[in-house]
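Here's the structure, in structure tokens; my notes come after.
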There are 2 protein chains.
Amino acid sequence: MGKVNIKSIAAALNLSPATVSRALNDSYEIKDETKERVLAYAAEHNYRPNPFARHLKTGKTNLIGVVIPFLSSPFFLEFIDELYKAVLPQHYTLIPFQTQNCEKMEKEALDFLTSQNVAGIIVSPAHENSNTKLLQHIHHHTCPIILFDRTQHCLDTYKIGIHNSLETYNATEELIKKGRTKIAFLCGKDIGNTKDRIRGYKNALHNYAIPFREEYVIHADYQDPTENIESELIAVFKKLQEKDNMPNAIVGGTDTLSIKILGVLAALNLAVPQDVAVIGFTNTNLANYLNPALSTIRQPTQKMAQLALELLLELIDKKQDRRDMLYENFLLEATTIYRKSTEIA
Amino acid sequence: MGKVNIKSIAAALNLSPATVSRALNDSYEIKDETKERVLAYAAEHNYRPNPFARHLKTGKTNLIGVVIPFLSSPFFLEFIDELYKAVLPQHYTLIPFQTQNCEKMEKEALDFLTSQNVAGIIVSPAHENSNTKLLQHIHHHTCPIILFDRTQHCLDTYKIGIHNSLETYNATEELIKKGRTKIAFLCGKDIGNTKDRIRGYKNALHNYAIPFREEYVIHADYQDPTENIESELIAVFKKLQEKDNMPNAIVGGTDTLSIKILGVLAALNLAVPQDVAVIGFTNTNLANYLNPALSTIRQPTQKMAQLALELLLELIDKKQDRRDMLYENFLLEATTIYRKSTEIA
DNA sequence: TTGTAAGCGTTATCAC
DNA sequence: GTGATAACGCTTACAA
């Protein structure tokens, strides 16, 4: 297979490699006729520039790294999917990585991406302050970084998220208004948003003069969304039942837990929403078909993805020093959809 | 930022670039002491080889392309997720692409991947014979390709799938044994597996002397799994109702439709499984929490991903001509999980 | 055991 | 307008 490259094109057309390169890059110096000849020949022979040679020379790539905790979490999946759609008309390629909420894996992903000379990176950090120095160094010296979802991270750059405390405040308030006072809050380990979401939950309780109970903030420890955490949750709720403290409403503070809580309550023979009303924080379209249909707080993944890409491309294009910029913190609006799981008679 | 590269390391240690390169690659020619010095310095200065330079020289990369129809389809998502897990201990990086079942997008993905010099590609083709020539050319001359899921594609290589007709045969048979005879089959457009799955369905009917009805094979046309196809399906079933031909059981032949059918039946005020029993072909863990819990045929995504990677790496390593090889067609076993949606009293 | 030098395919800087 | 030529960072004969 005679490889077709700039040199072979040049030889075939009696031109120099330099001229061919300029013609292919539509340089103003080259006369139209030559350009046409080159482009025609290139098209005919299905010429594709070698990105490695080009990038070696220019130091630039059209790659965009995406670093997320999990692909198997509905929110991140939707986000990635929207990012793919947004990037389609652009001339960039996504390289997604999962960190499993693990700082070390995140570091590996970031190292790999920088070694690939990516043009920019979109990140939802593994932890509130994971890889701070590395992220800072990359953002300042290597390529721009945009943060999304877990925007509590201290890296100074554009951040895209939602108003977490407001959303859980509203969800909690809704349950209170429906007459429920024993409201539990379900959350994973300390991953960024958790604090804000708990704060909204607490504030709602406070504003309605409902005493806050530590035992109603239920922390579930899981490494992976596909992990079987149901049994652990069942145990927790059983204990509450024994103490006659079973909540009659639950706010699910994460994607993963929101989905699984229905199974847990079913296993405990508790009826939703009669015994326990539930509102989840998740982006799965299946919420409508769950048993019962689950009320959910949905994040605007499409807008988030589009904005993330837009801001990233903006930073990629402008060459200014990214240390002294003024970055905006975008708080987009989530949408709460009320379904059967909160329909209290 | 003084970039650290082989030259700078060589200068710092009073060695030649060649020696440094060999030391970094653990060449047998270099004495241990030198290796240690080089490795220590490299580690200390956080040296990362420039992959573009390396690949420009060697013509090899550690990239693996993955081409799937959709990320938002539970089966493909699980597959990709398992692939990520499988590739973790290896020294390879995944570059996933979605084709949206569109041959043109598939071609673009393949072109891009070959231009990136990927070491190999794992593909579930957009259509039964999409990009046949291109795939063949790549497999023979550029890098190995493994096919999965849609293994009807004629490219001669390792293929990994399940016994589609057998699985739908069993599912259909199960419904028949439970006394249902008006069994519909729900499928998307002609994407590879559909034919086989319909065949299994037909065979089961045949073996139990149940006449096959063309109108019970319901083709739903969707471009994207997130598309709202419910209304179209509702219309189809309404027509059947009007003719008093409403099926009392449904076999869902694709991921996407299997999930959505419950919503459709709910909208039609049909009780599952009393009025209509349903068994779906899908890999979502949420099946258990759906309303009602959905019986499903699950594909062994983990085994599929592991096997795909294993076979691909095998082909990457052995340099033999891939045209004259004897390729196996792996048909793995799916698992059917029976839940409420088929529990007929 | 190490050094020298050529070359991978492209682009940029000159020169003509 | 076009052509030489050098250079990007790395690997690999071939020399020493």
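Just so it is clear, the model here is predicted, and its values are computed rather than measured. Every chain is numbered from 1, with letters handed out A, B, ... down the list of sequences.
Rounded to 10 degrees, the angle between the two end axes of the helix from dT1(C)-dA16(D) to dC16(C)-dG1(D) is 40°, with five pairs used at each end.
Listed pair Ser21(A) / dT10(C) fails the phosphate criterion, with no side-chain N or O lying under 4.0 Å from OP1 or OP2. Within the 4.0 Å cut-off from OP1 or OP2 of dT2(D), at least one side-chain nitrogen or oxygen of Thr34(A) is found. Distances shorter than 4.0 Å separate none of the side-chain N or O atoms of Tyr28(A) from OP1 or OP2 on dT2(D). Contact annotation: Asn50(A) side-chain N/O to dC8(C) OP1/OP2 distance is not under 4.0 Å.
A donor and an acceptor atom sit less than 3.5 Å apart, one in the side chain of Lys57(B) and one in the base of dG7(C).
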Protein and nucleotides 13-16 of chain D: nitrogen or oxygen contacts under 3.5 angstrom:
unit_1  : atom_1 : unit_2   : atom_2 : d
dA13(D) : N6     : Arg22(B) : NH1    : 3.3

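Counting only heavy atoms from C-beta on, Ala53(B) has its side chain closest to dC10(D) among dC8(C), dC10(D), dT11(D). The nucleotide whose nearest atom lies closest to any side-chain atom of Arg54(B) is, among dT11(D), dT2(C), dT2(D), dT11(D). For Ser16(A), taking side-chain heavy atoms from C-beta onward, the closest of the listed nucleotides dG3(C), dG3(D), dT11(D) is dG3(D).
A heavy-atom distance below 4.0 Å to DNA chain D is reached by these residues of residues 8-15 of chain A, ordered by number: Asn14(A), Leu15(A).
Counting to the nearest Å, the P atom of dG9(D) and the CD atom of Gln116(A) are 16 Å from each other.
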